Novice: 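Starting off with a structure, shown below.
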Amino acid sequence: VLDESGNAAPGQLQDSKIRGASDGAPTTHPALLAWVQQVAELTQPAAVYWVTGSDDENTVLTDELVEAGTLTRLNPETFPNSFAAFSDPKDVARVEEQTFICSEKKEDAGFTNNWMDPAQMRTKLDGLFAGSMRGRTMYVIPFVMGHLDAEDPKFGVEITDSAYVVASMRIMARIGTDVLRKMEELDNAFFVPALHSVGAPLAEGEADVAWPCNEEKWIVHFPEDRSIFSYGSGYGGNALLGKKCYALRIASVMARDEGWLAEHMLILKLTSPEKKDYYVSAAFPSACGKTNLALLDPTVEGWKVETLGDDITWLRFGHDGELRATNPEAGLFGVAPGTGWSTNPNAMRAIAKGNSIFTNVALTDDGGVWWEGMTDEVPAHLTDWLGNEWTPDSDTPAAHPNSRFCTPIDQIDMLAEEYHSPEGVPVSAILFGGRRKTTVPLVTQARDWTSGIFMGSTLSSETTAAAAGAVGVVRRDPMAMLPFMGYDAGDYLKHWITLSGKADQDKLPAIFLVNWFRRTADGGFAWPGFGENSRVLKWVIERLEGKADAVETPIGFVPTGDSIDLAGLDMTPADVEAAVHVDPAEWETELAGIDEWYARFGGSLPEELSAKLAEVKDRFAAA
Ligand code: GDP
Ligand code: PGA
Ligand code: MN
C-alpha cells in the first residue's frame, strides 16, 4: 500500500490509515514519535495518518472531503482543482476572547492577552482533548515556516482531526515528507507541537456533519515550551496553526529570545522608473488591506510592483546591519469580499489558476464562486454561503464578510523571485496603517525611527469581521499585533527599541503611517485606494530619495498637495491636502485616547515612547 517514502498510492489512503501512531511510522524522530503516541492515546482516533504532502494524497483527501460534503468541487473549466467549503455559521472568524497566552507568570502575557495559569489550562485541555478524535482520522502534518534551507529552519508538526485543515495547510505552508526528512537530518530538530481538534468525536455508527466543530473553542499557546493547542474550531486563523498561532504568537516569543522580529506585515518590491529596487513592508490589522497592497497593480506611470508576502513577515538584522525580511508562508488566505477584477486583478489571476479552497463564499449556478465586489455585475442568482437561494434583492450578503480564498503563493504572476531566497530582502520603508474614518492622514512620515515606533505603538483601527465581535469599534492595535503578541505588549515594544538600537542606524528603514480609509464630509473615501495607493508608495520612495516635498506637522511629515502624482486621476492637490489634513481638534481627542492606552501598560511602557508622546503634545501646543 505504501511506497518506501511512506506515500499512500492514490485511492488507498483508507488502507494506509490502519497504521498506528508509531507502528510503521515514517520517521525515527524520537520526540515526534513520543508526542504522536501520547496524543493518539489521549484523543483516541480511529486511525493515524502521516501526511506526505504529495499530489496524489491531496487528490484522495479532497475526494474524501467532497464525499463527506465538507467540500464542493467547483467547475473544473473555470476553477480547476478548486473547492468551496461552508463552515458552521458560528465558526467563521478568529475567536480572540478564547485565545490565551499561558506563560508561567501572568505579567509575561501582559494586559493585551487572555491568561490562565498553565497548570490549570493543561488540566482543562487534557479534559477537552480526551477522546476528542474518536471515530476520526488523526493526521500528522510536519511543516516548516519559512524556507526548508533557511539558516535556522522553524519546524512545526500539526496534529489535526480535520482533513480540511490538511488540505489548507498544504497550501499555506511547506509540509510533508521533505520536512520530516530535514528535521531528522538536523539531529531530530526541535519542532513546535501544534495540536488541533474540531472537538466533535463520533460515536460508533454516528453520521458526520459537513463542518464538525464545537460550541466551546480554545486557542491556547504556551510560550515557554512553544506549544499550541486549538480546540473546537475549523476556521483558518484558529485551525491552520502554522499561521497566526505559530508564525506570529509563538514566533514573536522566539524572536524576542533570539533577537529578531515576527510581524503582521506584507512585503512588496517596488521598482522605480530609474530601475532602482526598493522593498517595503507594511503592518495593517486583519482585513485592513495587506493582501490588496501586496498584490497592488500600480496605476502610476513607470513604477513596477512585485509581491513577496501578504500577511506575515519575519525581520532580522543582516550581517551588514540592514533589516532583512522573509515571508514564512507559502500561500494566501485572503479576505474574499472586495477582491475583484477592478480592485485586485493580480489576486484574481492567481485564484483563476485553480488549486484553491474557498470558505464561506457564494456559489454561482455554473459551479463557480462569487462574493461581493468580485465583479461589477452582480449575478442574477446565487446560492449564498448559508446554502440559501440568493438574488440581488436579498438583504443579506451572498458571501460572509470574512469569507476567504486560500491559494498557493506561487500562482501569483507578480511574485518577486526573491520570495524564493532564504536570505530575504533589505527593507527600506515600513508602513503602519489602520482603518480610520477621521483624524489619521492618508500618509505621514515619522520624524525618526523612535517616532516611527511611537506611531506603530499607538496604531488604531476600526474592528472588522476578521475576528468575532462588534465591527467598527476603534481600538489601539500596536504594530497591528494586538491579537498576535505572544508576550507582554510593553516588552514587545521594548524589544523593537533595543533590537534596532544595536543595528546600523543609517540603515534603519524610514517609517510611515498610512490610512486608506479616511472619509470626506459627504461620507465617501478621501482617497480612492487599491491600485492608486501606488501614488502614495511613489511619494514614500521619493521621500527616501530626497525628491518629494512635505509639510511638517506635529505628528510628522505629510505630502504637500502637489507632491503626490495625480496624473490620470480625477483629483486635485486640494483633495490631497484634505486627505492629509491634521486637525488639531481631532488630535486633541486622539491624544487623550493615546494617554488612556499608554496608561494601560503600567510600568512596562518603554520610557522612549512616553517621551515621544510628550514631544508630540508639545508640538501641538506650540503650533
Ligand atoms: P488583509 O486582511 O489585511 O489582508 O486585508 P485585505 O487586503 O484582504 O482587505 C480587506 C478589505 O479591505 C477588503 O474588503 C478590501 O476590499 C478592503 N481594502 C483593501 N485595500 C483598500 C483600499 O486601499 N481602500 C479601500 N477603501 N478598501 C480597501
Ligand atoms: P487575516 O488572517 O484576518 O489577518 O487575513 C487570517 C485569520 O487569522 O483569520
Ligand atoms: Mn490578508
Side-chain angles (χ1 to χ4, degrees), residues 93-94 171-172 235-237 240 243-244 247-248 263-268 281-299 305 307-313 327 329 331-348 350-351 358-361 371-376 397 399-407 409 412 431-437 440 442-443 459 461-467 471-472 477 479-484 514-520 523-537 569 579:
R94 286 183 289 102
I171 297 172
M172 294 308 300
Y235 169 76
L240 312 179
K243 195 173 178 52
K244 308 290 192 182
L248 288 177
E263 298 298 325
H264 192 201
M265 291 177 176
L266 64 95
I267 321 167
L268 60 80
S281 57
F284 309 155
S286 293
C288 291
K290 288 182 300 299
T291 301
N292 276 275
L293 191 67
L295 297 179
L296 171 135
D297 209 14
T299 52
V305 174
T307 189
L308 283 103
D310 84 314
D311 194 46
I312 299 179
T313 297
N327 171 11
E329 298 193 279
L332 309 175
F333 184 67
V335 177
T339 306
W341 288 103
S342 57
T343 54
N344 194 343
N346 290 309
M348 295 306 292
I351 291 168
F358 301 89
T359 304
N360 292 337
V361 300
W371 48 76
E372 280 66 23
M374 180 176 175
T375 52
D376 291 339
H400 186 276
N402 192 39
S403 55
R404 299 279 173 155
F405 59 87
C406 182
T407 300
I409 198 167
I412 299 175
L431 316 184
F432 292 117
R435 190 182 273 271
R436 290 292 304 270
K437 291 193 176 71
V440 178
L442 173 63
V443 57
L459 188 66
S461 195
E462 291 143 20
T463 50
T464 67
V471 168
D477 192 339
M479 275 80 167
M481 283 286 282
L482 181 70
F484 308 119
V514 299
N515 178 20
W516 315 140
F517 300 91
R518 196 173 191 179
R519 303 292 181 136
T520 55
F525 284 107
W527 178 252
F530 300 103
E532 309 299 354
N533 293 334
S534 56
R535 299 168 192 273
V536 174
L537 292 176
L569 197 60

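Note that this is a predicted model, so its numbers are computed, not measured. Whatever order the structure lists them in is the order used to number ligands and atoms, beginning at 1. Only heavy atoms go into these numbers, but all of them, side chains included; no hydrogens, no water, no symmetry mates.
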Novice: Of all heavy-atom pairs between Ser281 and Met265, which one has the smallest distance, and what is that distance?
Specialist: OG-SD, 3.6 Å
Novice: So, do Met479 and His264 sit near enough that their side-chain heavy atoms are less than 4.5 Å apart?
Specialist: no
Novice: With a 4.0 Å cut-off on heavy atoms, is Pro285 touching ligand 1?
Specialist: yes
Novice: Report the relative orientation of the aromatic rings in Phe517 and Phe525; use parallel for angles under 30°, tilted for 30 to 60°, perpendicular for over 60°.
Specialist: perpendicular
Novice: Within the 4.0 Å heavy-atom shell around Gly338, which atoms of ligand 1 are there?
Specialist: 14 (O), 16 (O)
Novice: Got a sec: is Ser286 within less than 2.8 Å of the Mn ion (ligand 3) via an N/O/S atom?
Specialist: no
Novice: Backbone, side chain, both or neither: what part of Pro528 comes under 4.0 angstrom of ligand 1, heavy atoms only?
Specialist: neither
Novice: Out of Trp516, Trp527, Phe530, Phe525, whose heavy atom is nearest to atom 18 (N) of ligand 1?
Specialist: Phe530
Novice: Check whether any side-chain heavy atom of Ser403 lies under 4.5 Å from a side-chain heavy atom of Thr359, and answer yes or no.
Specialist: no
Novice: Going by heavy atoms in the side chains, are Leu296 and Asn533 under 4.5 Å from each other?
Specialist: yes
Novice: Could an N or O of ligand 1 be found under 3.5 Å from any N or O of Gly529, whether backbone or side chain?
Specialist: no
Novice: Salt-bridged, Lys290 to Asp310, with N to O below 4.0 Å?
Specialist: no
Novice: Can you find an N/O atom of Thr339 closer than 3.5 Å to an N/O atom of ligand 1?
Specialist: no
Novice: Mind checking whether Asn533 contacts ligand 1 via backbone (N, CA, C, O), side chain (CB onward), both or neither, at a 4.0 Å heavy-atom cut-off?
Specialist: side chain
Novice: Polar contacts were defined as any N/O atom of the residue lying under 3.5 Å from an N/O atom of the ligand; does this apply to Gly334 and ligand 1?
Specialist: no
Novice: If we only count N/O pairs under 3.5 Å, is Arg404 in contact with ligand 1?
Specialist: no
Novice: Please list, in number order, the atoms of ligand 1 under 4.0 Å from a heavy atom of Asn292.
Specialist: 6 (P), 7 (O), 8 (O), 9 (O), 15 (C), 19 (C), 20 (N)
Novice: Could a heavy atom of Arg435 be found less than 4.0 Å from some atom of ligand 1?
Specialist: yes
Novice: How about Asp311 and Leu266: do any of their side-chain heavy atoms sit closer than 4.5 Å?
Specialist: no
Novice: Do Glu263 and Thr313 have side-chain atoms, one donor and one acceptor, less than 3.5 Å apart?
Specialist: no
Novice: So, regarding Pro337 and ligand 1 (criterion: nitrogen or oxygen to nitrogen or oxygen, under 3.5 Å), is there a contact or not?
Specialist: yes
